[in-house]
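Let me begin by presenting the structure, written as structure tokens, before commenting on it.
The chains referred to below are lettered A, B, ... by the order of the sequence lines, with proteins before strands, and numbering in each begins at 1.
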Amino acid sequence: MIFTCSDDLDLEKIAGSGQCFRWTMQDNGFCRIIAGSEHLHIRRKNVSQLEADCSKEKFEAFWYRYFDFQESYKEIRKKIDPEQDPFLYQAAIYGQGIRILRQDPWEMLISFIISQRKSIPAIRTAIENLCRMAGTAIETESEQNVLYAFPTPEQLAMLTAQQLSECGLGYRTEYVRRAAKAAADGIIDFDRMRQMEDLTLEQSLECIYGVGTKVANCTELFGFHRLNSFPRDVWINRVLETEYPQGYPFTAYEPYNGVMQQYMFYFYRGQSGR
DNA sequence: AGGCAGGTTCTTA
DNA sequence: TAAGAACCTGCC
């Protein structure tokens, strides 16, 4: 199907924004997205239109929400005053087209547990290994290329520590193993967590072994769509130190601090050559 | 070849 | 409560 997109959407920028690890820019110009047990090939056709290999019904039922099209990122960016905050203004221009996807909380929790002290390519590899090891095959693109869904808590909980370790998880093996078991047992209850206030949600996430402030914040922002959550990684800390020595104006950007974080992250990494 | 990587936990004072 | 060490291993 072909559809019109009037708000910001830049597939390449989102693919490189560090919020998703199963987006692949293909040689044919399409971006392949695997989300949970869904997948999509999508590309920009022209300035106002996108092309995707799914039905209108499927797009409306799943992908419209996934891309967060009900939110206007143009409007959010209007909160930035170029006089007051020239750095963020510049970062937002550079990052125009980034959106905060509505991804699955479970997938985000595990992905960001894995992310600690790993480079982005290494994170992607580890996640693909996990999906191949435990996930359900969802489609065969070619004889060699089978796509796998992200494993369910039950599927992950069934793996042995040995199998998890073979996915390249290193010392995160035990974190993933325990999170999978807790989720499979219902001790981690994502439906209940959806109902929680931001602060309560954060506290619940940080109770999980292997989950500290950073991983909790990423899970909140990318998995629970808490747009005010502001993950602080090494890059963002550098930004705050160099660009905002007198303090960053969090209150000015509520409740969208997480969106601004994405602009700054993407801009700063782009500037410093990866 | 060898250091470093989107953090968290554990230990020690 | 705060600072420092230890942790696995794939990547560049």
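Checked against side-chain hydrogen bond (donor to acceptor under 3.5 Å, both in side chains), A:Lys56 has the following partners two or more places apart in sequence or in another chain: A:Glu60. Remark: A:Asn237 engages no residue in a side-chain hydrogen bond (donor to acceptor under 3.5 Å, both in side chains) (not counting sequence neighbours). Looking at residues two or more places apart in sequence or on another chain, you find a side-chain hydrogen bond (donor to acceptor under 3.5 Å, both in side chains) between A:Ser17 and A:Gln19.
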Taking only distance into account, with no hydrogens and no angle test, what donor-acceptor pairs under 3.5 Å do side-chain atoms of residues 200-215 of chain A form with protein atoms, sequence neighbours excluded?
residue, atom, partner, partner atom, Å
A:Ser204, OG, A:Thr200, O, 2.9

May I have the list of side-chain donor-acceptor pairs in residues 74-91 of chain A shorter than 3.5 Å, sequence neighbours left out?
residue, atom, partner, partner atom, Å
A:Lys74, NZ, A:Ser6, O, 2.6
A:Glu75, OE2, A:Lys78, NZ, 2.9
A:Arg77, NE, A:Asp8, OD2, 2.8
A:Arg77, NE, A:Tyr263, OH, 3.4
A:Arg77, NH2, A:Asp8, OD1, 3.0
A:Arg77, NH2, A:Asp8, OD2, 2.6
A:Asp81, OD1, A:Glu83, N, 2.8
A:Asp85, OD1, A:Leu88, N, 3.3
A:Asp85, OD1, A:Tyr244, OH, 2.7
A:Asp85, OD2, A:Tyr244, OH, 3.4
A:Asp85, OD2, A:Tyr253, OH, 2.7

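Identified under the ring pair (Phe, Tyr, Trp, His ring centres under 6.0 Å) test for residues 16-42 of chain A, with sequence neighbours left out: A:Phe21-A:Phe112. The side-chain hydrogen bond (donor to acceptor under 3.5 Å, both in side chains) analysis of residues 93-108 of chain A, with sequence neighbours excluded, yields the pairs A:Asp7-A:Arg99, A:Asp68-A:Arg102.
Side-chain contacts under 4.5 Å among hydrophobic residues (ILVMFWY), followed directly or transitively, place A:Leu147 together with A:Ile34, A:Ile138. Side-chain heavy-atom separations under 4.5 angstrom define the hydrophobic clusters, and A:Met158 shares its cluster with no other residue.
Using a 4.0 Å heavy-atom cutoff across all strands shown, A:Ile208 reaches sugar-phosphate atoms only and no base atom. When heavy atoms are screened at a 4.0 angstrom cut-off, A:Thr173 is found touching no nucleic acid atom at all.
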Q: Would you mind building the protein contact string for nucleotides 1-6 of chain B? One character per nucleotide, 5' to 3', B for base within reach (heavy atoms under 4.0 Å), S for sugar-phosphate only, - for untouched.
A: ----BB
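Residue A:Tyr171 places a side-chain atom within donor-acceptor reach of the base of B:dG7, judged by atom type and a 3.5 Å distance cut-off alone.
Consecutive Watson-Crick or G-U pairs involving DNA chain C, each under 3.5 Å on both distances, make up stems of three or more pairs at B:2-5 with C:9-12, B:7-13 with C:1-7.
As rounded to the nearest Å, C:dA3 and B:dG6 have C1' atoms that lie 22 Å from one another. Going from the P atom of B:dG3 to that of C:dA6 covers 16 Å, rounded to whole Å. Straight-line distance between the P atoms of B:dA1 and C:dC8: roughly 25 Å, to the nearest whole Å.
Checking A:Leu109, A:Thr219, A:Ile188 one by one against A:Met193, the side chain to side chain contact (heavy atoms under 4.5 Å, CB included) holds for a single residue, A:Ile188.
Remark: C1' of B:dG7 and OH of A:Tyr175 are 8 Å apart, rounded to the nearest angstrom. Put simply, CZ on A:Arg178 is 11 Å from C1' on B:dT9, counting in whole angstrom units.
Using a 4.0 Å cut-off between charged nitrogen and carboxylate oxygen, A:Glu241 and A:Arg238 do not count as a salt-bridge pair.
First and last contacts of DNA chain C with chain A, using any nucleotide atom under 4.0 Å from a protein heavy atom and ordered 5' to 3', fall at C:dC7 to C:dC12.
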